Amino acid sequence: MKETGSHKERTVAKITRTVKLPADPKRVMEYISDVQNHPAFVSPLKTVSGLSGNSHQVGAHWDWTFLMAGVEIQGRAETVAFEEGRRFSFRTTSGVESTFSYTAEPDGSGSKFTMEVEYEAPATVLAKVLDKAIIERQNEAEGDRTAANIKAIFEE
Amino acid sequence: MLGLALLAIGKQATPVWLAAIWLALLAAALVARPRWFFLWFDPARFAAEVEDSLRMLLIPFVKTEAGYTLQLRNGDVYLQLRAGPGCTSVLKFRQGRKHKKADLLRSLLRKKFDPLFPRLKIRIR
């Protein structure tokens with residue numbers, strides 16, 4: 001998707017993955033909504049620190065450090081939605097703008113877990129730094145890895 | 001592969017002694033691969049980081065004299081810790097088969113402990 005803003009052109013991309021997990025939605029969302037667990041399943045995420053209060057509360061914020069190609073990139077994020085046993089969503093508030101949404105619903109004796117990541121970056125930066133298709137391919141692969149990691153955490 | 005490496009070394013006229021050192025280092029790195037070496041080892045910090053990682057990965061564990069036993073659904077994995085000279089220590093992962101969760105634990109611990117060479121840090125606003 002391409003959007004034209006008043007100042008610069010922006011590119012919006014979306015990644016969606018769904019997996020079945022052998023745990024009830026409440027347990028899945030309890031685990032996922034604790035952002036301090038995220039470095040365990042998001043491969044490039046090194047740390048989550050400085051959490052203000054409980055990540056279940058809308059407006060709670062924290063600092064994150066991503067590790068990419070041996071370089072540490074730090075930024076901030078905040079909770080935008082939380083519904084117990086159903087949904088958790090947060091957005092990054094520095095660098096590339098992105099929104100992460102996780103939902104779980106009952107599926108037999110387990111859950112159907114869906115994660116959605118919507119991210120945007122000014123097209124000019126993308127054009128200068130890296131080819132957009134390469135970034136999207138990398139993020140798609142990262143989406144597959146994250147889904148497989150979450151599945152392994154609940155299954156093994 | 002070794003033949004190709006030797007051929008490449010031969011074409012660049014690298015001295016034989018240098019090639020021998022390179023091969024010895026490569027062999028040592030391959031042998032040491034399943035082991036992690038800790039410098040300035042702090043047992044309290046190590047235990048805190050490992051136990052925090054195990055909780056983050058929902059891995060039930062038992063702390064033993066040798067290290068940790070991880071009770072995974074398809075078999076146990078052992079983390080064996082051995083003190084070295086000075087403030088050093090060696091960690092070894094022992095497992096009978098491949099475990100995705102053990103791979104995730106290695107990846108998480110790699111992120112938690114600082115490497116020998118510091119990384120470049122960038123703060124974005």
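Proteins come first, then strands; the chains are lettered A, B, ... in the order of their sequence lines, and each starts at number 1. Since the structure is predicted, the reported quantities are computational estimates derived from the model, not experimental observations.
Both A/Phe82 and A/Met115 belong to a common hydrophobic cluster when Ile, Leu, Val, Met, Phe, Trp and Tyr are linked at side-chain heavy-atom distances under 4.5 angstrom. Hydrophobic clustering (side-chain heavy atoms under 4.5 Å, transitive across Ile, Leu, Val, Met, Phe, Trp, Tyr) groups B/Val50 together with B/Trp36. Hydrophobic clustering (side-chain heavy atoms under 4.5 Å, transitive across Ile, Leu, Val, Met, Phe, Trp, Tyr) keeps B/Phe37 apart from B/Leu105.
At least one side-chain heavy atom of B/Leu58 sits less than 4.5 Å from a side-chain heavy atom of A/Arg27.
In terms of modelled atom types and a separation under 3.5 Å, the side chain of B/Lys111 and the main chain of A/Ser43 share a donor-acceptor contact. The backbone N or O of A/Ala152 sits nowhere less than 3.5 Å from a side-chain atom of B/Lys100 that would complete a donor-acceptor pair.
The number of heavy atoms from other shown groups lying within 6.0 Å of CD (A/Glu140) is above 12. In this structure, B/Arg45 places its CZ atom where more than 12 heavy-atom neighbours from other residues, nucleotides or ligands lie under 6.0 Å away.
Note on A/Asn37, A/Ile153, A/Leu45: by heavy-atom pairs under 4.5 Å with chain B, the leading option is A/Ile153. Per-residue counts of heavy-atom pairs under 4.5 Å with chain A were compared for B/Met56, B/Lys112, B/Arg73, B/His99; the largest is that of B/Met56.
Atom CZ of A/Phe154 sits about 11.0 Å away from atom CG of B/Leu57, to the nearest 0.5 Å.
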